[in-house]
Amino acid sequence: MKTNFDKKKALGVFAQYGFRKTSVGDVANAVGLSRQSLYKKFGSKEELFQTIIEEYSEEIGLQALEILEEKSDDTKSRILSALDTIIGQHVDLMRNSVHGAELVQMGEQVMSSVGKGLMPQVMLKIADVIVGSYDDRTKEQAEDDAFILFTLAKGLSLTVSSYAEYNDGITRAADRILG
């Protein structure tokens, strides 16, 4: 059941009010649709929310994989951009909303279970990019590097106070790990 509206705007409403206090009307207003059309398509607020989380999580996971496939940027930039897509861009949502962290956590759970296990796929693709770009790295070392960068990005997203702080931290780590 594909949605054809801005999922990030809809998630912003849930982040602002929390799931319990958000109404279908609030989401409808944010995305420029009628409340009735959302109920007709999804049947309930729960189904609307679940569908938005699933589709958005899958979209950003696939975007990260596409970024890693691109050959136009250098390796470090591609890896940082992919991590930014799935983790970094949500830092301000988590920091500026009482319910943002809850939504991000739900999205990560969905990405790990639905969407063909996109989080593990992204980590493996980061390792593949490292192996393909650094002659001195074995596959096992590249997988360790990918795990460290991914875990650090998640940790930063939970501890920093702003996106700028996240970006500085993950860039320093990438410089240290990837050279």
Side-chain angles (χ1 to χ4, degrees), residues 1-3 6-8 10-12 14-15 49-97 100-179:
M1 186 178 334
K2 277 292 203 195
T3 57
D6 187 339
K7 288 172 249 339
K8 199 167 184 177
L11 288 174
F14 283 108
F49 180 71
Q50 184 68 26
T51 301
I52 291 169
I53 289 280
E54 287 175 6
E55 289 182 11
Y56 183 71
S57 298
E58 187 169 351
E59 282 177 18
I60 63 171
L62 292 172
Q63 286 173 10
L65 289 171
E66 287 176 21
I67 289 166
L68 292 165
E69 288 288 336
E70 293 173 5
K71 303 295 185 213
S72 57
D73 289 334
D74 67 280
T75 299
K76 194 182 321 176
S77 295
R78 288 184 0 228
I79 291 169
L80 289 172
S81 183
L83 290 171
D84 191 63
T85 299
I86 57 175
I87 298 170
Q89 71 172 331
H90 303 101
V91 167
D92 287 336
L93 174 67
M94 289 182 5
R95 293 291 157 245
N96 298 331
S97 164
E102 176 186 1
L103 290 180
V104 171
Q105 181 181 18
M106 291 174 78
E108 289 174 354
Q109 289 171 347
V110 169
M111 282 182 69
S112 293
S113 60
V114 178
K116 305 155 202 98
L118 287 170
M119 287 289 198
Q121 285 182 44
V122 170
M123 274 204 293
L124 288 173
K125 188 62 185 172
I126 289 172
D128 289 346
V129 168
I130 293 170
V131 164
S133 300
Y134 295 89
D135 295 333
D136 63 336
R137 300 288 201 320
T138 65
K139 181 153 181 65
E140 185 177 347
Q141 288 170 325
E143 287 173 356
D144 288 347
D145 290 345
F147 177 78
I148 291 166
L149 287 168
F150 186 84
T151 304
L152 180 64
K154 281 190 67 165
L156 283 167
S157 75
L158 298 172
T159 58
V160 298
S161 59
S162 68
Y163 173 78
E165 196 177 335
Y166 163 86
N167 194 47
D168 288 345
I170 196 64
T171 300
R172 279 195 336 267
D175 288 344
R176 175 68 75 114
I177 292 169
L178 301 174

Under the salt bridge (Lys or Arg N to Asp or Glu O under 4.0 Å) rule, what pairs show up with a residue in residues 118-138, not counting sequence neighbours?
Glu69-Lys125, Asp128-Lys139, Arg137-Asp145

Inter-residue atom distance Phe150.CZ - Ile79.CD1, 0.5 Å rounding:
13.0 Å

Between Ala82 and Ile67, what is the shortest heavy-atom contact and its length?
N-CG2, 3.9 Å

Could you tell me the separation between the CZ atom of Arg78 and the CG atom of Leu68, rounded to the nearest 0.5 Å?
6.5 Å

Examine the side chains of Asp84 and Tyr163 and answer whether a donor and an acceptor come within less than 3.5 Å of each other.
yes

What verdict does the side-chain contact (heavy atoms from CB on, under 4.5 Å) test give for Lys154 and Met119, after you've listed the backbone C-alpha separation in whole Å, the side-chain angles of each residue and the deciding distance to 0.1 Å?
CA-CA 12 Å; Lys154 281 190 67 165; Met119 287 289 198; 5.8 Å; no

Find the distance between OH (Tyr56) and CD1 (Ile52) and round it off to the nearest 0.5 Å.
12.0 Å

Can you tell me how far the CG atom of Asp144 sits from the CD atom of Gln141, to the nearest 0.5 Å?
7.5 Å

First locate atom CD of Glu59, then atom CD of Glu54, and finally report the distance between them rounded to the nearest 0.5 Å.
12.0 Å

Measure across Val122 and Gly61 and return the closest heavy-atom pair with its distance rounded to 0.1 Å.
CG2-O, 4.0 Å

Ignoring hydrogens, what is the shortest heavy-atom contact between Leu118 and Ser57? Give both atom names and the distance.
CD1-O, 4.3 Å

Residues at least two apart in sequence or cross-chain that pass side chain to side chain donor-acceptor pair (under 3.5 Å) with Glu66, listed by chain then number, are none

Report the distance from atom CD of Gln63 to atom CD1 of Ile86, rounding to the nearest 0.5 Å.
11.0 Å

May I have all residue pairs that pass ring pair (Phe, Tyr, Trp, His ring centres under 6.0 Å) and include part of residues 64-87, sequence neighbours excluded?
none

In terms of heavy-atom contacts, Thr85 and Gln89 come closest through O-NE2, 2.6 Å

Hey, are the side chains of Leu156 and Ile87 touching, using non-hydrogen atoms and a 4.5 Å cut-off?
no

Can you list everything that forms a ring pair (Phe, Tyr, Trp, His ring centres under 6.0 Å) with Phe49? Sequence neighbours excluded, please.
Phe14, Phe19

Considering all heavy atoms of both residues, which atom of Ala127 and which atom of Ala146 are nearest to each other, and what is their separation?
N-CB, 3.8 Å

I'd like a table of donor-acceptor pairs (distance under 3.5 Å, sequence neighbours excluded) in which one partner is a side-chain atom from residues 167-179, with atom names and distances.
from: Thr171; atom 1: OG1; to: Asn167; atom 2: O; distance (Å): 2.7
from: Asp175; atom 1: OD1; to: Lys76; atom 2: NZ; distance (Å): 2.9

Applying side chain to side chain donor-acceptor pair (under 3.5 Å) to Ser162 and not counting sequence neighbours gives none

